[in-house]
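For clarity, every value in this text was computed on a predicted model and none was experimentally measured.
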Amino acid sequence: MIERWRPETHTFHLPIGEATIMLEDEEVLFGLPVDGLPVAYQHALRDYRGFHYMHMLQRLTRFQPAEETALSGASRLPLTPVQQHLEAVDAEITDDSPPEVIGRHTRLVLLLMFDGVLFPNTSGNLVSLRFLHHLERLDDLPGYSWGATVIGYLYRQMCRASMGTQRDVAGFLSPLQVKT
């Protein structure tokens, strides 16, 4: 599909004509809202470094990786410690669990979903902590335009791959499977 992608028009040139992934596809096929607040990286977070993200992660989820050096770069954490923590606390979640405990667990699961499904990176084993600020208030999540953000991220990844600036494609690839 990379060879058929045209970055200048964000379309696929197929033998049967041109095709593209549209916002309606994200909304109808995957239930991702396309109207609402933009998913933006807050200006105040631009100066955040690893220890800031680790503090935010600990405050929102009560999760702290065993090794302080676990952070890769300024804002990425290996997936394995997060997954192991979720497996360990999963059995502790019951119908009687307080909302705060369920909220902390939900935030970690959503963080993995963001990086594992909607906004994956080519490393395949790192989770970005840049979405943490969107998980501050779980009730606000449906009000964001996730569909538009996902399609924008996918377009960016497709353009990078088609222009040779990266080798692999990362992004929410399910729309490509449905469209082709």
Side-chain angles (χ1 to χ4, degrees), residues 26 30-34 36-93 97-161 165-175:
E26 299 291 328
F30 305 105
L32 294 170
V34 295
L37 298 169
V39 178
Y41 190 56
Q42 294 180 349
H43 187 70
L45 299 176
R46 294 184 194 277
D47 294 330
Y48 265 41
R49 297 293 174 249
F51 67 92
H52 294 110
Y53 286 109
M54 293 303 275
H55 176 73
M56 187 187 299
L57 177 69
Q58 204 278 329
R59 181 175 53 82
L60 292 175
T61 66
R62 300 287 189 261
F63 169 67
Q64 184 75 33
E67 297 179 26
E68 195 62 37
T69 59
L71 215 55
S72 173
S75 64
R76 299 188 327 175
L77 182 70
L79 247 68
T80 306
V82 178
Q83 290 169 326
Q84 289 171 344
H85 176 75
L86 280 171
E87 289 171 7
V89 299
D90 197 42
E92 299 172 14
I93 303 290
S97 295
E100 317 75 70
V101 173
I102 294 171
R104 289 193 295 260
H105 187 77
T106 301
R107 284 181 180 93
L108 278 176
V109 170
L110 286 171
L111 193 63
L112 290 180
M113 186 189 80
F114 285 161
D115 259 27
V117 179
L118 299 177
F119 308 102
N121 57 61
T122 55
S123 76
N125 65 349
L126 295 174
V127 61
S128 174
L129 300 179
R130 292 186 175 191
F131 286 105
L132 278 174
H133 71 281
H134 286 93
L135 301 177
E136 187 96 32
R137 294 180 36 92
L138 293 175
D139 292 340
D140 293 346
L141 285 177
Y144 287 102
S145 177
W146 293 106
T149 306
V150 165
I151 201 170
Y153 183 79
L154 177 60
Y155 280 6
R156 179 177 175 219
Q157 297 298 315
M158 292 294 295
C159 288
R160 284 181 167 179
T165 56
Q166 75 183 36
R167 208 176 93 212
D168 297 321
V169 175
F172 185 51
L173 300 177
S174 296

Asker: When you compare the side chain of L126 with that of P78, does any pair of heavy atoms fall below 4.5 Å?
Answerer: yes
Asker: Mind checking whether H85 and F63 have parallel, tilted or perpendicular rings, split at 30° and 60°?
Answerer: tilted
Asker: For residues I151 and V34, determine if any side-chain heavy atom of one lies less than 4.5 Å from a side-chain heavy atom of the other.
Answerer: no
Asker: Check for me whether the distance between the ring centres of Y153 and W146 falls short of 6.0 Å.
Answerer: no
Asker: Counting distance only, does the side-chain N/O of R62 pair as donor-acceptor with the main-chain N or O of R59 below 3.5 Å?
Answerer: yes
Asker: What are the two closest non-hydrogen atoms of L110 and L138, and how far apart are they?
Answerer: CD1-CD2, 3.9 Å
Asker: Could you walk me through whether L57 and L77 satisfy the side chain to side chain contact (heavy atoms under 4.5 Å, CB included) test, starting with their C-alpha distance in whole Å, then the side-chain angles of each, then the deciding distance to 0.1 Å, before giving a yes or no?
Answerer: CA-CA 11 Å; L57 177 69; L77 182 70; 3.9 Å; yes
Asker: Report the relative orientation of the aromatic rings in F131 and F119; use parallel for angles under 30°, tilted for 30 to 60°, perpendicular for over 60°.
Answerer: parallel
Asker: Walk me through it: do L141 and L135 pass the test side chain to side chain contact (heavy atoms under 4.5 Å, CB included)?
Answerer: CA-CA 7 Å; L141 285 177; L135 301 177; 4.0 Å; yes
Asker: Side-chain contact test, heavy atoms from C-beta onward, threshold under 4.5 Å: evaluate it for L60 versus L132 and give yes or no.
Answerer: yes
Asker: Please test L129 against M56 for side chain to side chain contact (heavy atoms under 4.5 Å, CB included), starting from the C-alpha separation and ending with a verdict.
Answerer: CA-CA 9 Å; L129 300 179; M56 187 187 299; over 6 Å; no
Asker: If you apply the rule side chain to side chain contact (heavy atoms under 4.5 Å, CB included), what do you find for R104 with V101, and how did you get there?
Answerer: CA-CA 5 Å; R104 289 193 295 260; V101 173; 3.2 Å; yes
Asker: Could you pull out the closest heavy-atom pair between P33 and P142, with the gap in Å?
Answerer: CG-O, 3.9 Å
Asker: Is there a donor-acceptor pair closer than 3.5 Å between any side-chain N or O of R107 and the backbone N or O of T61?
Answerer: no
Asker: When you compare the side chain of P65 with that of M54, does any pair of heavy atoms fall below 4.5 Å?
Answerer: yes
Asker: OH/Y53 to CZ/R130 distance, rounded to the nearest 0.5 angstrom?
Answerer: 5.0 Å
